Amino acid sequence: MRRFLLPLGIFIVLVGFLAVGLRLNPREVPSPFIGKPAPAFSVPQLHAAEHSIAPADMLGKVWLLNVWASWCVSCRQEHPVLMDLAARKLVPIVGLDYKDERAAGIAWLREHGDPYLLSAYDRDGRIGIDYGVYGVPETFVVDKAGVIRYKHIGPLTQKAVDEKIVPLVKELNGA
């Protein structure tokens, strides 16, 4: 009888780990960037290659950095949510066109609408690497001091905007 206690104990522990794992949200991956300054960059804007954009340009504002691409299927899913958020004018949204062709990115925004204050152009994906991007779309909430406060992996949903993004933006703006 005692020889079955050890395998039974191991089985119970494994079932416990499985039960905990099944309750976790796979979109909430801990990011080492939360609470840290947004990585610096200075790259050309998507629509105006002669002008650049850097996180330092947004100091003093709470803002979103949304990583997207014209080739991204999930970006089509979240785009209406971004358009609605932009129309509400609660927070400036900066796009980061990731590993895309400039003309394709511009055409995509022209066709689907442009929710962004402006878009940075990350042709080679280096900025995405610096931000720990797993894939597009991903969205970061950056506070007035330039510190990343939240990272959303995957397409933004209305629920995520209403329950996480907007309350956090209001809190960071002191509202």
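Numbering of residues begins at 1 and proceeds along the displayed sequence. Please read all numbers here as calculations on a predicted model, not as lab measurements.
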Residue from Asp122, Asp124, Asp130 passing side-chain hydrogen bond (donor to acceptor under 3.5 Å, both in side chains) with Arg126: Asp124
Could you tell me which non-hydrogen atom of [X] sits nearest to which non-hydrogen atom of [Y], and how far apart they are?
{"X": "Gln45", "Y": "Leu118", "value": "NE2-CD2, 3.9 Å"}
{"X": "Pro44", "Y": "Arg102", "value": "CB-NH2, 4.1 Å"}
{"X": "Leu172", "Y": "Arg149", "value": "CD2-NH1, 3.3 Å"}
{"X": "Pro92", "Y": "Val62", "value": "CD-O, 3.3 Å"}
{"X": "Gln158", "Y": "Arg88", "value": "NE2-NH1, 3.4 Å"}
{"X": "Pro39", "Y": "Pro55", "value": "O-CG, 3.6 Å"}

Within 6.0 angstrom of Arg3 CZ, more than 12 heavy atoms from elsewhere: no
Side chain Tyr121, main chain Asp100, donor-acceptor under 3.5 Å: yes
Validation row, ring centre Phe140 to ring centre Tyr150 under 6.0 Å: no
Parallel, tilted or perpendicular, as decided by the 30° and 60° cut-offs, for the rings of Tyr116 and Trp68: parallel
Any side-chain heavy-atom pair of Val136 and Cys75 under 4.5 Å: yes
Between Asn66 and Glu138: side-chain donor-acceptor atoms closer than 3.5 Å: no
Interatomic spacing from NE2 in His51 to CG in Leu46 - rounded to 0.5 Å: 13.5 Å
